[in-house]
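Below is one structure, written out as structure tokens; the observations come after it.
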Amino acid sequence: MANNETLGVGAVERLIARTDYLEAFINKNDKEPSWDGYIYAYHNTGSHPKSDMVGRISVQVKGHSCKSVEKARKSFSVDMYDIRDYLQEGGTLFFVVYITEETEVVYYESLLPYELRRIIRDYGKQNSYAVKLKKFPTDKTEIADLILNFVRDRDKQRTAISSEIVTINQLNEQGLLKTLSFGFTTVGEKYLNPIDYCLTHDIYLYADLPMGISMPVHHIENIEMAESEIKNEISINGKVFYKGYKCIYKRDKIEFHFGRSNILYFFKEEDKCEWCFNLRGTISERIRDEEFMIAAIKSKGVKFGDIFIPLVDFPADENEKFNIPDCERNLEFLKRAKAVLDLMNVTTELDYDIMEENDIINLENLISGILDKNLVSLRDTGANIGNYKIANLTLLVCCVKDADSGLFRLFDYFNAPFVCKGKYEDGREFDSSMYVRLDRSALHMYNNICYNAIADQVKKVRYSEAYGGQLTWFMLEVLKAYDDLKLPTHPLLQLAKNIMDVIREHALLNEKAVIELNTIQILKREGIFGEEEINRLYALLDDKDVKADCAILTGIYLLLDNQEKAREYYNKMTDTEKKQFDDYPICLYKNWEERSSE
């Protein structure tokens, strides 16, 4: 056993002696409890006066005989009393040297205060703890960095010696967390980029607290990748295609992602770049990315900020993959598709990644039928109005069958040259609008709704009492659709105002109270509800017709936020009237629930 310890100490000392920043003083066959000696770390190389010392680290060295280092278990059981001693000491560098007949291989674990406190918290009731080991570096710079960073982290973790571990969430809840930080020390020039160091080394994350206190909150091991957003323009011949890009750092390479389709790989070991283009994303993203790639190839380079990066010739397989004439034809199709969607006022982006064959056919028909005004082939459902699906989009369209060809003339529902009529019960007709048939669900469903077209058309229709009733119903559906969105502003609210303007212009005397109530509830949704609106509501209460209408009285008191009076008049309604009232958008301001009778 003693010989193993002697061999182990010797192996550690030889590795430490490789560096110019460290000195080891480790006793062989030492009987001191918990430790075998110390490693001294210095700021500079050469001679080491006391004034140059960075710190001293306590070490424990165990020698372990084995037939095969590779097959040996890379952990070592440590008495829990030693774990507690290591914590009080401020940390210990724990070595296990695996010894065979041919060689000695050094493994270690940095037992810093944060990690020791975690072990005691989670395993303190056990008699011992199996410390997992890592292979100790043999490169002299890596050895120096490891020891110097041990000193650095030990000094920053002094608070963990006497206090329990705290989490980031706990510090946030207490309002103590200012910032989070990490750092490292290196004596070489290999890790000029901090991210490269983090990808190959353990690091500790520290919470910066008031009064200049730092506290360890997380031990980060085995980082696979790190990501950052870079604000820097990417341009070709003066045209800016991207305002920034994303960098993904990995151990063997750096990936620069811009747009949805471009990745530039930089391989560290080979010191070379590789460009990958895979067209993807929404229709707008695809148009931008394909335009970019075509321009990049034609210009033989790209500017990242002020730096020009030339594009070397593509390999034969890449040239075949990115065939410029084919890409230009595809780009032209995408632009025409975007043009027809813009013409139909579609603001939701077409998700091209989920496009299937039937979606492509529908998109081609839409371009041909609406943009080019050609007759197109559609499935004959017998209806002139219907849903038109393209991937994630649902469009409302109209079509008219051509008697000669059997093909169809396709129209955007909101730009269709149709005249709409309504019918009285006796069969007489009155002028109407196709748009007043849209209910709350339709207003949410369709992606080509044109609010301006609706507002313009509803006021051009010759007004009648029957049409006014349709407009009122439609306005209430618009308000309900707006309330569903739970947004402070949306074109639906302006549309409701525009419809109310038409209704108010042609209002009959007996409709005054309802129109006033609806006007004010729209204003309240806009945040306009002051003394003037309150006085207008109180003035309605003096109307003799209003006094007999429990629904209007309930609505008035809901807007006035007098829940008690509103409920009083609500309870005077019949069950049928209550059910009808509950469907009105003014119930947005009702904050009680009726209990069902048993």
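As the structure is a computational prediction, the values presented were derived from the model and not from experiment.
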Could you tell me how the ring of His506 sits relative to the ring of Tyr463: parallel (under 30°), tilted (30 to 60°) or perpendicular (over 60°)? parallel
Please work out which of the three classes, parallel, tilted or perpendicular, describes the rings of Trp592 and Tyr570, given edges at 30° and 60°.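 Perpendicular: the ring planes of Tyr570 and Trp592 meet at over 60°.
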Heavy-atom side-chain proximity of [X] to [Y] below 4.5 angstrom:
X	Y	answer
Cys420	Tyr435	no
Phe529	Leu537	yes
Arg536	Leu540	no
Lys524	Glu533	no
Phe414	Ile454	yes
Phe418	Phe411	yes
Ile390	Met355	yes
Leu264	Val302	no

Pick from Asp439, Leu479, Val436: which one makes a side-chain contact (heavy atoms from CB on, under 4.5 Å) with Phe474? Val436
Scan side-chain atoms only and decide if [X] and [Y] contain a donor-acceptor pair under the 3.5 Å cut-off.
X	Y	value
Gln521	Asn518	yes
Asn278	Ser261	no
Tyr242	Asn262	yes
Asn498	Gln494	yes
Asp359	Tyr352	no

Under 6.0 Å from the CD atom of Glu429, do we count more than 12 heavy atoms belonging to anything else shown?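 Check passes, neighbour count above 12.
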Count the heavy atoms belonging to other residues, nucleotides or ligands that lie under 6.0 Å from CG of Asn510, then report whether that count exceeds 12.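 Above 12, so yes.
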Taking it one step at a time, do Glu505 and Lys459 satisfy salt bridge (Lys or Arg N to Asp or Glu O under 4.0 Å)? CA-CA 10 Å; Glu505 183 183 348; Lys459 65 184 179 185; over 6 Å; no
Side chain to side chain contact (heavy atoms under 4.5 Å, CB included) filter on Arg504, not counting sequence neighbours, yields Met500, Asp501, Ile515, Thr519
Write down the atom of Leu395, the atom of Met344, and the distance for their closest heavy-atom approach. CD1-CE, 4.0 Å
Shortest non-hydrogen contact from Leu177 to Ala207?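 Minimum heavy-atom separation between Leu177 and Ala207: CD1-CB, 3.5 Å.
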Show the numbers, then the answer: is there a side chain to side chain contact (heavy atoms under 4.5 Å, CB included) between Cys327 and Met293? CA-CA 9 Å; Cys327 291; Met293 201 61 194; over 6 Å; no
Matching residue for Phe258 among Phe241, Phe277, Phe304 - test: ring pair (Phe, Tyr, Trp, His ring centres under 6.0 Å):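 Per the ring pair (Phe, Tyr, Trp, His ring centres under 6.0 Å) rule, the option paired with Phe258 is Phe304, out of Phe241, Phe277, Phe304.
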I would like to know whether Asp353 and Arg260 meet salt bridge (Lys or Arg N to Asp or Glu O under 4.0 Å); could you show each step before the answer? CA-CA 11 Å; Asp353 287 344; Arg260 293 292 307 280; 3.7 Å; yes
